[in-house]
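Because only heavy atoms are used, hydrogens play no part in the values below, and waters and symmetry mates are left out as well, while side chains stay in. Below, chains carry the letters A, B, ... as their sequence lines are ordered, and counting in each starts from 1.
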Amino acid sequence: MNNTEQKSCPLAPIGIAVNNISVIYKNAHKAISDISFDIPCGSITALVGINGSGKSTLFKAIMGFVPCYQGQVEIMGFPVKKALKLNHVAYVPQNEDVDWNFPVLVEDVVMMGRYGHMNMLRIASQTDKDAVDQALTRVSMQDYKQRQIGELSGGQRKRVFLARALAQASNVILLDEPFTGVDVTTEEQIIRLLKELAQEGKVILVSTHNLGSVPEFCDNVILINKTLLAYGKTSDVFTTDNLQKAFGGVLRRFVLSAESLHADADAREVTVITDDERPVVLYGEKGLEQLASGSGLKPPSNTPIKVRKES
Amino acid sequence: MFEFNALITTLLLPFQFVFMQQAFIVVFILSLPMAILSCYIVLKGWSLMGDAIAHAVLPGVVLAYMLAIPLSIGAFAAGLCCALTTGFIKENSRLREDTIMGIVFSAMFAIGIILFHKAETELHLTHLLLGDILGISLASMIETSLIGLFVLAVMVIRGRDLLLLIFDPQQAQITGISIKFWHYAFQVLLALTIVAALQAVGMILSIALLIAPGACALLVTKRFATMLKISVAVAMSSSVLGVYASFYIDSAPAATIVLFMSFIFILLFIYKTNQQRILLHQRKTAKFSLVDNKVSL
Ligand SMILES: Nc1ncnc2c1ncn2[C@@H]1O[C@H](COP(=O)(O)OP(=O)(O)OP(=O)(O)O)[C@@H](O)[C@H]1O
Ligand SMILES: [Mg+2]
């Protein structure tokens, strides 16, 4: 019924509209406040911030899992509840806190993503089965179809939940730190997958600590620390100043200044900023740095940089 | 030839009495919804909730008797009251659910006992506690069947939603399934089933029928669909066998049913552990031979 017009979304160019939301937890802790942004369809947006900056909270607020005491969220032009009913949202949680001894196989879990496409009895059609197979193939888990979910490694579990989100074929896909605990090959595979999905017109919001890979695949970046610090095109937002603002002293930052690089009077310097895994590399004169990938310097993709020198 | 006929007659003897026929029909009808519900209860970890509701019906039954309203309505109201009170206290305190349930249901049970002795009733406490399947009335049989059918229908139609909710509440919410609705609906189904089983197996043993089949099934399978089938098979076979055997050994039918279930549980447990040991042994020897091969190369 509702899967015919899910290929693209010409009617609602804005996928997620967040308007001035604030969340206060039961223990009176104010996790996020006054956050607003609009995410267009057909784009990937990174959500970046330190631990406890409210990334997971923002995801939960978008889906209505935690109440916002202020502000509204619209998904594909609908209020959240309606959007969920219409199967517009898929979600890959940061920690899947499920009972791993549950008597369900990998394919059963992925099939749960298809419930929104089924009738009241939730009986799987051939289309549903095909979608499950396809999703499992896309994350290279087709050989594990018949495994009980507890019999998988951490990264494999993560991929199963990713497959479930894919099988759901929703317009909006929310991924909370999908790269933690997966190997580099899988990470690149997921990135390729997300790019494909964005091209199909999906709205993708992904939180990550891998700052280095953000410029590689994200069109937009949201920087938060309890409130919105910056939002915009990756090239505009991903600046030393903004990152410094978002991470404060938490980031490891190495600057390789001109003297240590070469002998001539070139004022440009290499700045390596790393939160956790992959670092961001900025290159240029002070205040004019650009993302290294844009300035011809390839970002070090897989190998962690070992620079001990600080300016 | 004559001896053979005599044997057949003896074996078929239980089926010739109306009270036995009724008993067979009732346990057969009851075991289906109970077996299915049992899978969900075991997975949800709500065994104690079932036990709590079952004990808490006592004051409801006695009060209903005093007010001259149908006992099942009183029982249902009291069972639900126990579940809701537990939920309310949980929301407003930091105590664990099992602790709260322990307090709530024992308090209600105590009230029930006191009321029972204060009120001059014609009810038999043992019948309430342990069931009275052989003395079941036609009205109670119809009531039991209707409730059983209703629970069965709900489980067949919406069971998958409930399963998703138990497995992954967040994904259920994403799919548009209401957590709140199902939280209460599950408790209502549980209370209804216990009320339906009250006359047949009594308060104390109804919980066994709501846990044992699912537990037996979960021992041996990794798939939910298979779990449902095994659970139904266990419940049906032990119900019918239990009633049948009780005729010959002159025991309480409900207790005999539970005994059969426990017996099946033990058998399955031994089977499973043995199978695992054999599998492990095979793996280990296989690995050693692999190493041997390498050495010989
Ligand atoms: N259920 C909760 N009750 C109360 N406070 C909470 C709850 N969940 C999170 N918080 C608090 O809200 C803040 C934001 O938490 P959140 O999980 O959104 O952070 P995050 O940005 O996702 O962090 P991480 O990078 O570690 O995943 C934290 O300070 C946290 O302590
Ligand atoms: Mg988080």
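Between A:F102 and B:F167, the two ring planes are tilted [angle within 30° to 60°].
When the ring pair (Phe, Tyr, Trp, His ring centres under 6.0 Å) test is applied to B:Y40, the partners found at least two apart in sequence or on another chain are B:F224.
Within 6.0 Å of NZ on A:K82 lie no more than 12 heavy atoms contributed by other residues, nucleotides or ligands. For NZ of B:K229, the number of neighbouring non-hydrogen atoms (other residues, nucleotides, ligands) closer than 6.0 Å is 12 at most. The environment of A:Y25 atom OH is dense: over 12 non-hydrogen atoms of other residues, nucleotides or ligands sit within 6.0 angstrom. By the 6.0 Å contact criterion, CZ on A:F37 is enclosed, its count of non-hydrogen atoms from other residues, nucleotides or ligands being greater than 12.
Side-chain contact between B:Q173 and A:F65 is present, with heavy atoms from C-beta onward closer than 4.5 Å. With contacts defined as side-chain heavy-atom distances shorter than 4.5 Å, the pair B:R223/A:V104 does not qualify. Side-chain contact between B:T175 and A:N87: absent, with no pair of heavy atoms (C-beta onward) separated by less than 4.5 Å. Taking 4.5 Å as the limit, some side-chain heavy atom of B:D168 sits within range of a side-chain heavy atom of A:R164.
Residue A:P93 comes nearest to B:Q170 through the heavy atom pair CB-OE1, 4.0 Å, listed as atom of the first residue, atom of the second, then distance. The two residues B:G176 and A:K85 have their closest heavy-atom pair at O-CE, 3.7 Å. For the pair B:Q171 and A:M112, the tightest heavy-atom approach, listed with the atom from each and the gap, is NE2-O, 4.0 Å.
To the nearest 0.5 Å, atoms CD1 (B:I174) and CD (A:Q168) are separated by 6.5 Å. Atoms CG and NZ, on A:L105 and B:K222 in that order, are 8.5 Å from each other to the nearest 0.5 Å.
Heavy-atom distances place no part of A:K81 under 4.5 Å from chain B, backbone and side chain included. Heavy atoms closer than 4.5 Å to chain B are found in the side chain of A:K26, but not in its backbone. The part of A:M63 that comes within reach of chain B is its side chain, from C-beta onward, which places non-hydrogen atoms under 4.5 angstrom from that chain. The contact between A:V109 and chain B is made entirely by side chain atoms (from C-beta outward), counting heavy-atom distances below 4.5 Å. The part of B:I177 that comes within reach of chain A is its side chain, from C-beta onward, which places non-hydrogen atoms under 4.5 angstrom from that chain. Residue contact with chain B, scored on non-hydrogen atoms closer than 4.5 Å, involves the side chain of A:E151 exclusively.
Checked for salt-bridge contact, B:R160 and A:D108 miss the test: no charged N lies under 4.0 Å from a carboxylate O.
The residue among B:L218, B:T221, B:D161 with the most heavy atom pairs within less than 4.5 Å of chain A is B:D161.
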